[in-house]
Amino acid sequence: VEDAAAMSAAGPAGRPMAVTPVALLGVGAAAPSLRLAASEVAAAWGGGGRGAVALCDADEDTLTLAWQAAVDALEAAGVGAGELSGLWWGTSRPPFAEGPSHAFLSTALGLDPTADGRLCSGSAHAGMEALLAAWDALAAGHARLALVVASDALVPGVGTAGEFTTGAGAAAFVLGPADPAGNGSGPAARLVDRRSRVMAVVDRYRGDAEAATGDVYDGRLFREEVFLPLMTAVGRDLGAGDGGPARWSLADPDGKLASAVARTLGGPLVSAPVQAAVGDSGAASALLGLIQGCTSEAEMSRLGTIAYGGGRATAVTVEVTRPVAGADGAMSRLAGGRPVSYVGAVRARGQLAPMSDPIQMGLPPAGAAFVRGNVEMLGLEGARCAACGTISTPPSIHPRCNGCGGGELTAVRLARRGRVQTFVVNQTMPPPFLAPLPMVVVDLDDTARIMVQGSSADAETLAIDDEVTLALRLYAVERGIPVYGYKAFRVARPTDGRPSDESDATAVGAGARGAGAGAGGGRR
Amino acid sequence: MSWNKVAVVGAGLIKFGELFEQSYEQMAAGAFDAALANVDKGIDRGAIDAAIVATQRGTLWGQEGIGGNTVPSALGISGIPCTRVENACPTGSDAFRIGAMVVASGVHDVVLVIGVEKMRDKSAQEGLLARAASGHPLYTRGETAPVLFAPFATRHMHEFGTTPEMLASVAVKNHHNGCLDPYAHFQNEITVDQVLASVPVCSPLRLLDCCPQTDGAAAIILTTAERAHEFTDKPVYVAGFGVATDHPYLHEKSTFVSLPATTAAAQRAYEMAGVGPGDMDMAEVHDCFTITEILDIEDLGFVEKGKGGPASLAGETALDGRIPVNPSGGLLAKGHPIGATGVAQLTECWWQLREEAGERQVAINSGFALQHNVGGRGSGVAVVNILTRNRA
């Protein structure tokens, strides 16, 4: 294993390429809460298929998945959002086709408003592009700590084969200098090499303003003339069978192609469990497999990760020497989920909507109140009183303290955990809200009190004094505009697909987090 | 020693209900005519010096810009001074308080307080969501009207062991009273079992724990205590009133087993009237939901905190109980056309103190009656008015 800061290798066109390694300081992952079994699809349309795919509920999307994975990765790395140089996000489906997707996510995560970053999109290759862009920023010295998130929630056409394989998920990485402790001990894992190739073909496709992603080519044509040749070539560029990686995380658009590529390149397919858990998670898929290759159960060796999409394939070598902080917990996030019926799935994907016009909110997202209120809501801010310490929430409606009337207030980010003071379950919510919708008054750990929507999954069993955690969710899409806010989720049952900080404690090899946090703690 | 500077000399309302066939203006005119007709010695409509209009939310029928200062036109008295008051669910009761202060100021001698509200011109769901999206654009996403009170039921049950049966007993009693009130929206008896079997609306509240959306109007004519006998030999006096505010949002409540605005407003009213809760012969209180009446009777001092549920179940608030509450049927059965609600409650108190309430008449001993509304996004405002038939 080379310990040099830079390695030289021949580029795909024979040009020399210098690659500066960077470290993986912490990782996180997220999966949406629904699981659609292949049998449900088969019951509707015939055909066959095994297993299940992950699916976003109505209040989840690529932004909320990205948020959840990123929160975990930051915690695993021991990095505060305010320390980040920027956010690099890759998704084929940003929630705003044209709009503030990156700004919303960055604000919700608490990055400094001056932080850098990119939103990469256009195909399932977008997650890898975000990783490469962050890597380049670090190598160039333009960034010191980078947050990379790849998330996707592809929508297949109703009645197409894609319904059996199309899933969703998110992978997040905190990248930093290759020798973060400065003592030569080295990070748990480093990105050390990479190669890209393009092939100008149409393949997977979604036109402007189209909702569903579809496959243009015959399956055999895509396999024989596009996917296998391109993936195999870029893997060999990386040194497969010639001293390069001997285990692989691979993009897998239909759930069967990756194993064929791995056989050709030589070595086990470490991304197979991820694919089985959530289906094809598009921009996230190969990167989720990368995390699988960094768990405490994984072989500590070089891992080849190849992403594919939009006629491009990129292969990255990850040198894994120790389990990476957060990897075990991240993989436990992918398990479980609530089964959903086929009709429920079609409705959750937005392909089944009532004829009636939704009732418009009195305060629409286009109004000035949103300009005043959205940032403090995404950032979950309160106003702390200098005189009495009371936290009034949110700041824009509290020019003076609720406790003592004092006027010296400082904006603070609220705690994301607390206990249920009281709650209701609203069963009569008209669209765009979905009943049953709990509304929960939460006494946060920092003494602030807030009221937020709760999880429908908790509607039957929520109780006073339950411990809850707050997670970003999509409240509704109003006049075409996504509206985000926090929801309270009961902290329990780590395998049910909900946000739960306790899930890591029960994950296999939880010790990995401690080791990783130590490495992260050495960095300033 | 009660305040007693102002007297009610006439009051009346129209039958509450889904009044699709009546315009806002027609409802107002109906209530005004009823109040004029109920003035014992007669009154010419031209005798009205000024009017206070109580309408809470014009947007509920798509007319925020009308229905206030132009109401006198619909009443045939265009030209008089008129001001619209809005103060959440206590809009009507606060308009009454302000009307009394106007009279007491000496500026206007005969003042009309008229509450009018159109709740059903828009669809029920639209009316529901009109509230769900007011206030901070994100803190209130998903808060329909029941969400503003149901959390108190959850917590009251948790802390005091209040049961769904106890909540239901409030609805059963008020529906019974509504059967005896020709002005009530609902005039049917219900049972505890029916309440408990009704559909969940906002757990722990069920359909029959909730007041309906009702159109209605009510009017009261006020004058000075000195001039009252020009209009009637049985005036009812304004003994005292109180208003109090609290933080506006639900998450800012310091407690979920009490409505502090009610407690503070009641203290001010009792002090002004020189009486206490034990002096009340009856009360018309804000029962938008069953839990609200239980909170009210505790916060107004009729029963000990936490004992509102058992007291209701035991019949202490029935027509023949220790402290009859909502003999008119309350919001639960009579209805809750917001701006009209408080004015109609005061009309009921007026009838009860004059012992003209027919089958639903309660025993009048000390001669005091209390009227109360609480509301706003997070029960941020409450008004209590106390009336008396005692001159001194």
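Just so it is clear: chains get the letters A, B, ... in the order the sequence lines come, proteins before strands, and each one is counted from 1.
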Subject >> Per-residue contact mode, Asp443(A) against chain B (heavy atom under 4.5 angstrom) >> reply: neither
Original post:
Quick check: does any side chain N or O of His251(B) sit under 3.5 Å from a backbone N or O of Thr393(A), one acting as donor and the other as acceptor?
Top reply: yes
Original post:
Say you draw a straight line from NE2 of His156(B) to OG1 of Thr422(A); how long is it, rounded to the nearest 0.5 Å?
Top reply: 11.5 Å
Original post:
How many angstroms lie between atom CG of Leu148(B) and atom CE of Met439(A), to the nearest 0.5 angstrom?
Top reply: 9.0 Å
Original post:
chain B: which of Ile450(A), Ile464(A), Val441(A), Ile397(A) shares the most heavy-atom pairs with it under 4.5 Å?
Top reply: Ile464(A)
Original post:
Say you draw a straight line from CZ of Arg449(A) to NE2 of His247(B); how long is it, rounded to the nearest 0.5 Å?
Top reply: 11.5 Å
Original post:
Heavy-atom distance under 4.5 Å to chain B: side chain of Tyr486(A), backbone, both or neither?
Top reply: neither
Subject >> Part of Val442(A) within contact of chain B (heavy atom distance under 4.5 Å) >> reply: neither
Original post:
Applying a criterion of heavy atom separation less than 4.5 Å, what residues of residues 95-113 of chain A form contacts with chain B?
Top reply: none
Subject >> Toward chain B, the part of Phe423(A) with a non-hydrogen atom under 4.5 Å >> reply: both
**OP:** Please check if any side-chain donor atom of His158(B) sits under 3.5 Å from a side-chain acceptor atom of Gln421(A), or the reverse.
**Re:** no
**OP:** Would you check if the side chain of Glu252(B) reaches a backbone N or O of Asn402(A) as a donor-acceptor pair within less than 3.5 Å?
**Re:** no
Original post:
So how far is it from Ser203(B) OG to Gln427(A) CD, rounded to the nearest 0.5 Å?
Top reply: 3.5 Å
